[in-house]
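Let me begin by presenting the structure, written as structure tokens, before commenting on it.
Protein chains get the first letters and strands the later ones, always in sequence-line order, with residue 1 at the start of each.
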2 protein chains.
Amino acid sequence: MLKLTKKADYGLMALKYLAERPDTPALSAKDIADAYGIPAQLLAKILQQLTKKGLLKSHAGMNGGYALSKPAASISAYEVILAIDGPFFITSCTKGAHGCDLTPSCTIKEPLARVNETIAGVLKSISIQDLAEHEHPSGQAPEPKLVTLTI
Amino acid sequence: MLKLTKKADYGLMALKYLAERPDTPALSAKDIADAYGIPAQLLAKILQQLTKKGLLKSHAGMNGGYALSKPAASISAYEVILAIDGPFFITSCTKGAHGCDLTPSCTIKEPLARVNETIAGVLKSISIQDLAEHEHPSGQAPEPKLVTLTI
DNA sequence: TGAACCCGGACTGTAACGGTCGTATACTAA
DNA sequence: TTAGTATACGACCGTTACAGTCCGGGTTCA
Ligand code: SF4
Ligand code: SF4
């Protein structure tokens with residue numbers, strides 16, 4: 001419950017890895033997979049999905065691989081999760097697929113939808129660059145962000 | 001991914017239902033289940049868990065049932081989820097159970113832990129009373145809350 | 001006593017997740 | 001031109017967690 005998919009997890013790791021090496025033209029899926037110990041074939045598929053959604057640019061052939069299609073600061077964790085796992089909802093009453101059948105009688109779906117929106121806001125406010133820059137050696141506090149929650 | 005369990009969902013509904021009827025001594029699991037269309041046996045087990053965690057008080061026998069053990073304002077959604085689904089983590093590297101095996105090489109677990117903490121904060125700031133009072137007929141905005149996020 | 005209620009474990013079907021395999025395609029360096 | 005390196009894509013499968021059911025107990029009260 002309320003757990004991130006490992007695929008999304010891996011995707012974030014890969015993007016961070018790319019963000020830390022902005023000068024390299026492209027990195028192959030195998031390179032990134034080896035760097036962390038992620039199953040290579042699985043990572044490959046994840047990167048393909050990210051490419052299809054426009055977050056990455058791919059290049060086949062020798063010395064090919066993947067590169068960010070946007071600056072790291074303008075890629076949010078939300079986009080990544082969305083691209084990999086599809087639209088995400090805290091509850092099962094999504095209106096899209098087969099939602100729960102007691103939607104009409106339910107009285108908490110509106111409040112929960114706000115919570116959903118809030119969490120999405122949290123994810124949206126985190127960029128890949130935030131992840132890549134997470135080293136604060138001198139101990140100074142990084143940028144704190146504010147999220148508003150309205151029940 | 002990132003989806004609330006239906007059990008937790010049902011638990012929140014039940015607590016809200018109880019919070020709206022503070023005068024009744026006790027309500028049986030079947031009563032609440034019938035009110036919404038939740039499978040009765042399933043709800044029963046959920047309420048038992050909540051009782052074991054101290055969020056509810058139970059009373060067996062005729063005219064028995066469940067009642068809140070605390071005022072609705074002091075029960076957070078976080079507690080409910082925690083009681084039903086156990087300690088929740090966004091990632092799989094919990095250190096408790098069988099976490100993912102690439103924890104040592106992973107470079108994003110600390111930032112994600114902060115995100116986890118933030119989401120937990122969101123849940124903690126929502127009380128059952130907030131859910132029960134969600135009717136704003138006159139259209140006035142309800143209490144907005146602030147959550148700080150530090151990457 | 002018995003009806004109405006709580007308690008708890010065992011059990012099962014289903015679907016999503018994590019991961020693998022195989023093959024087709026694209027590019028490029030030699 | 002050809003070999004090698006890479007992406008692209010779909011099919012496949014084992015495991016696990018979730019949602020729900022069943023049943024044999026205990027309690028309380030009328
Ligand atoms: S309708 Fe209510 S019970 Fe059903 S998934 Fe949505 S919030 Fe949960
Ligand atoms: S260690 Fe890294 S990859 Fe593994 S679960 Fe934690 S965050 Fe995800």
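Atom CD1 in B:Ile32 sits roughly 16 Å away from atom C1' in C:dA4 (whole-Å rounding). Whole-Å rounding puts the A:Leu43 CG to D:dT7 P distance at 10 Å. What separates CG of A:Leu4 from C1' of C:dG18 is a distance of 14 Å, to the nearest Å. The distance between atom NZ of A:Lys57 and atom P of C:dC27, rounded to the nearest whole Å, is 15 Å. The CD1-C1' distance, from B:Ile46 to D:dT21, rounds to 13 Å in whole Å. Between A:Met1 atom CE and C:dC17 atom C1' there is a gap of 15 Å when expressed in whole angstrom units. Rounded to whole Å, the distance from CD1 on B:Ile84 to C1' on D:dA17 is 16 Å. A:Leu102 places its CG atom 12 Å from the P atom of D:dA19, with the value rounded to the nearest Å.
Between A:Lys16 and A:Glu20 there is a salt bridge, with a side-chain nitrogen of the basic residue lying less than 4.0 Å from a carboxylate oxygen of the acidic one.
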Collect all protein-nucleotide pairs involving nucleotides 7-14 of chain C in which both atoms are nitrogen or oxygen and the distance is under 3.5 Å.
{"from": "C:dC7", "atom 1": "OP1", "to": "B:Ser58", "atom 2": "OG", "distance (Å)": "2.5"}
{"from": "C:dC7", "atom 1": "OP2", "to": "B:Tyr66", "atom 2": "OH", "distance (Å)": "3.0"}
{"from": "C:dG8", "atom 1": "N7", "to": "B:Gln48", "atom 2": "OE1", "distance (Å)": "3.3"}
{"from": "C:dA10", "atom 1": "N6", "to": "B:Lys45", "atom 2": "NZ", "distance (Å)": "2.8"}

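For A:Lys124, the side-chain hydrogen bond (donor to acceptor under 3.5 Å, both in side chains) criterion is met by no residue, not counting sequence neighbours. B:Ser28 pairs by the side-chain hydrogen bond (donor to acceptor under 3.5 Å, both in side chains) definition with B:Asp31, not counting sequence neighbours. Taking B:Thr5 as the reference, B:Asp85 meet the side-chain hydrogen bond (donor to acceptor under 3.5 Å, both in side chains) condition, with sequence neighbours excluded. In this structure, the salt bridge (charged side-chain N to carboxylate O under 4.0 Å, His left out) partners of B:Asp34, at least two apart in sequence or on a different chain, are B:Lys30. Not counting sequence neighbours, A:Ser58 has no partner by the side-chain hydrogen bond (donor to acceptor under 3.5 Å, both in side chains) test.
For B:Ser28, whose side chain is taken as the heavy atoms from C-beta onward, the closest listed nucleotide among C:dC5, C:dG18, D:dT7 is C:dC5. Here D:dA19 is the nucleotide among C:dG18, D:dA19, C:dC5 with the atom lying nearest to any side-chain atom of B:Lys7.
Positionally, the nearest nucleotide of DNA chain C for A:Leu42 lies more toward the 5' end than for the other of A:Leu42 and A:Asn63. When each of A:Pro39 and B:Met62 is assigned the nucleotide of DNA chain C bearing its nearest heavy atom, the one mapping closer to the 5' terminus is B:Met62.
Pairs of residues two or more places apart, or lying in two chains, that qualify as salt bridge (Lys or Arg N to Asp or Glu O under 4.0 Å) and include a residue from residues 42-70 of chain A are A:Lys70-A:Glu79. Counting only residues at least two apart or in different chains, ring pair (Phe, Tyr, Trp, His ring centres under 6.0 Å) contacts with residues 59-81 of chain A comprise A:Tyr78-A:Phe88.
Summary for the helix from C:dT1-D:dA30 to C:dA30-D:dT1: the axes at its two ends, each from 5 pairs, differ by 10° when rounded to the nearest 10 degrees.
For C:dG19, the OP1/OP2 oxygens have a side-chain nitrogen or oxygen of A:Tyr10 closer than 4.0 Å.
Checking side-chain atoms of B:Thr118 against main-chain N and O of B:Leu149 turns up no donor-acceptor pair under 3.5 Å.
The residue B:Ala26 sits apart from the nucleic acid: no heavy atom pair falls under 4.0 Å.
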